[in-house]
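Just the heavy atoms: all of them, side chains too, but no hydrogens, waters or symmetry mates, feed the values below. For clarity, every value in this text was computed on a predicted model and none was experimentally measured. First the proteins, then the strands, lettered A, B, ... as listed; each starts at 1.
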2 protein chains.
Amino acid sequence: MADVAKLAGVSGQTVSRVVNGNDRVTAATRLKVETAMKQLGYRANIAARALATGRFGTIGVVTFNLSAVLNVRIVEAVATGAQARGYSVSIAVVDAPTEKDVRAAVRGLTDRAVDGVIVIEARVLDTPHLQLSDEVPLVIADSKAAHRHPTFGMDEAAGARAAVDHLLELGHATVHHVAGPAGSNPAQRRRAAWQRLLKRAGRAIPPPVVGDWSPRSGYDAALRLLADDSVTAVFAANDQMAVGVLRAAAELGRRVPGDLSVVGFDDLDFAPFLTPPLTTVRQDLAAVGRRCLEHLIAQIETPAGPVTASGTSRFVRPELVVRASTAPPRR
Amino acid sequence: MADVAKLAGVSGQTVSRVVNGNDRVTAATRLKVETAMKQLGYRANIAARALATGRFGTIGVVTFNLSAVLNVRIVEAVATGAQARGYSVSIAVVDAPTEKDVRAAVRGLTDRAVDGVIVIEARVLDTPHLQLSDEVPLVIADSKAAHRHPTFGMDEAAGARAAVDHLLELGHATVHHVAGPAGSNPAQRRRAAWQRLLKRAGRAIPPPVVGDWSPRSGYDAALRLLADDSVTAVFAANDQMAVGVLRAAAELGRRVPGDLSVVGFDDLDFAPFLTPPLTTVRQDLAAVGRRCLEHLIAQIETPAGPVTASGTSRFVRPELVVRASTAPPRR
DNA sequence: ACTCTTCTTGTTTACGCAAACATGCATATC
DNA sequence: GATATGCATGTTTGCGTAAACAAGAAGAGT
């Protein structure tokens, strides 16, 4: 910076002003500085700036298990958006979804110099008003609203309702459920909504089978479920498990959708090309990511601005996509 | 830090020594300092440290399209490994796989304070010895070796060979190919290997159909391919497109594997649960990520150490997993 | 013509840490 | 017992930037 200042014949402070946008610099001096910068290939030192300002231009993202398609979509949306807003993104992958680990990850990130943190799916069910950071704004991407931090997510209940209603309207006596893992908020909420809807409709509530989101667990679950001949409709908590359900049905000689209707959740890109094409609930995770990011940046840039108590939480509505894996039950 | 020093009754420098591991500090003073740190909740300021040392403890990852499962696996391996080694990870998502954009992303990252960069799939085919950064070590995760930077990737040729050999050995007259997009190195190499193998075996080389990795493109490709009744074997460049191929076959009334054998590439977690379970080439992307990371960290920590010219490039061998989507052709 | 504003630019300083150098003390060596 | 050696600790300084304050110049108003 000193070199640039000397070459341009101005003070370092003026260079700083030019670099940081329009303080008040004459067009003439601005030009001088800019040409000097270009000539010297000047690039600001981020560490020095961070030291001087206390801001880092970085957003931290905490996530379990990046390989879950769901999470990746959010991360991608956050990364893209953050870049566009001039922030970089640091990611921390947490092994176990325990409060301790998440807290450690958040701490690692704040140690590490971030202006804000996004936690994808808190999963910590036992702490009603989890406070993960008090030094930096933090938002949570989750479908559970009861966090102390602002939360954005999917309206899982609406998604589950779309799926269950669809199956009931087709005439199925009841709907069986292959649930996601117990520790997951989305899984819990989908399951709870499914159960509530059946009860409200006065239908039998069969015990759900719990999987772990993987195709294999869906397959195993379906093998157990389909031992019962009366099962005509299955709502799987995600598309991956639905794939396993379809496979099990094929092996057991149950025609889909003739003998068995299957609904998934997510609308992954392969869903339309399964055999049969999968009826599923499409969720726009990128929208969730974008909302989290916007909110976080707002909090970062106007510290006292968005007075977001635990109330601020909005949920994106998913949408049922009907394909060929559902039909009225055989009589 | 000053507060800690005062409380512990030592100089700031001694605190610094304690923080940065074992310079030479008496156990007694170390203890004093540590208790003072704990008492005050001291946490080092990364920006200040970076300013003083010129090192950041951060690794940058440049990737196209995070939603490609392939890339995510590498990112995840890098993130996990980096965390374990005390580094944080910054990701930059690049829209278009052009040299300009990649260069900009790398620059953004180095501006941003990283000690090294990993670029996932360079894709820039027109520059034979692409030099992306001269200020910071950079390694590339790609299956093309001709980069100026150290490169780690999959042995695509071996994977393609396993697939094609398998189909030929089953007795198919030739193998059709649904290729990945032209700009992708893995796609190019799989395709080239496929072609080379057919030629070597003296078989007809049908024109490949090019997709974009998506299930839909695989579906479209297969519709075209299967218009020809004589097609008995298809090698799809990834599992997603293979899903589309399976779907098209089902719609056209071609039984798999009776009428048509299909091989994929990747072994995604749903592959065993497709109808029929997909024969595919399993690749261990996490291993690629780990190798990249190790090499990068070695370069960072011993600047003159690994004298990695363009020669250093190692490729992980993929492995054929035979399932139920392949069989000898009907006669 | 004079003061009062307003606007641009310069000067000083602090951000928090670690590198380099300096010091003092204890132990080893003859 | 005097000098040399090594080790633990302290002091000084600089990393590159922006904030806070200061100063000078130009224009507005009376």
Side-chain angles (χ1 to χ4, degrees), chain A residues 1-37 40-58 86-88 110-115 135-136 300-301 303, chain B residues 1-37 40-58 86 88 107 110-115 135-136 300-301 303:
Chain A
M1 183 156 115
D3 299 342
V4 173
K6 193 151 66 174
L7 180 59
V10 299
S11 74
Q13 186 54 234
T14 299
V15 176
S16 168
R17 283 192 262 258
V18 170
V19 170
N20 295 316
N22 316 8
D23 244 312
R24 288 151 185 170
V25 188
T26 312
T29 50
R30 171 182 306 279
L31 189 66
K32 275 193 302 184
V33 173
E34 280 170 350
T35 52
M37 289 199 303
L40 266 48
Y42 169 76
R43 296 162 69 184
N45 177 317
I46 285 255
R49 174 178 298 165
L51 183 58
T53 61
R55 306 221 11 253
F56 305 97
T58 299
Y87 286 83
S88 70
T110 49
D111 273 351
R112 211 85 218 178
V114 296
D115 299 317
E135 32 191 337
V136 120
I300 291 170
E301 297 186 348
Chain B
M1 184 156 115
D3 298 342
V4 174
K6 193 152 65 176
L7 180 59
V10 299
S11 73
Q13 186 54 230
T14 299
V15 176
S16 168
R17 282 192 263 258
V18 170
V19 169
N20 295 317
N22 316 6
D23 243 312
R24 288 151 185 168
V25 189
T26 312
T29 51
R30 171 183 306 279
L31 190 67
K32 276 193 301 183
V33 172
E34 280 170 349
T35 53
M37 290 199 302
L40 265 47
Y42 170 76
R43 296 161 70 184
N45 178 318
I46 285 257
R49 174 178 300 164
L51 184 57
T53 60
R55 306 218 15 250
F56 305 97
T58 298
S88 70
R107 234 193 103 126
T110 49
D111 272 350
R112 212 84 218 180
V114 296
D115 298 318
E135 30 191 340
V136 120
I300 290 171
E301 297 186 348

### Message
Check the phosphate of C:dA18 against B:Asn20, side-chain N and O only, distance under 4.0 Å to OP1 or OP2. Yes or no?
### Response
yes
#### Entry: B:Thr53 side-chain N/O to D:dC15 phosphate OP1/OP2 under 4.0 Å
no
Could you tell me the separation between the [atom1] atom of [X] and the [atom2] atom of [N], rounded to a whole number of Å?
| X | N | atom1 | atom2 | answer |
| --- | --- | --- | --- | --- |
| A:Lys32 | C:dT9 | NZ | P | 8 Å |
| B:Met37 | C:dG16 | CE | P | 17 Å |
| A:Leu51 | C:dT13 | CG | P | 18 Å |
| A:Arg55 | D:dG16 | CZ | C1' | 18 Å |
| B:Arg17 | D:dG10 | CZ | C1' | 8 Å |
| B:Phe56 | D:dG16 | CZ | P | 10 Å |

[options]: which one has an atom nearest the side-chain heavy atoms of [X]?
| X | options | value |
| --- | --- | --- |
| B:Tyr42 | D:dA18, C:dC17, C:dG16 | C:dC17 |
| A:Thr14 | C:dG10, D:dA18, D:dG16 | C:dG10 |
| B:Gln13 | D:dT9, C:dA18, D:dG16 | C:dA18 |
| A:Thr29 | C:dT9, D:dA18, D:dC15 | C:dT9 |

### Message
Does A:Ala44 reach a base, just sugar-phosphate, or nothing at all? Heavy atoms under 4.0 Å.
### Response
sugar-phosphate
### Query
Just checking B:Val10: base, sugar-phosphate only, or nothing, at a heavy-atom cut-off of under 4.0 Å?
sugar-phosphate
### Message
Is any side-chain heavy atom of A:Ile300 closer than 4.5 Å to one of A:Arg55?
### Response
yes
### Query
Starting at the 5' end of DNA chain D and moving along, which residue's nearest nucleotide shows up first, B:Thr26 or B:Ala48?
B:Thr26
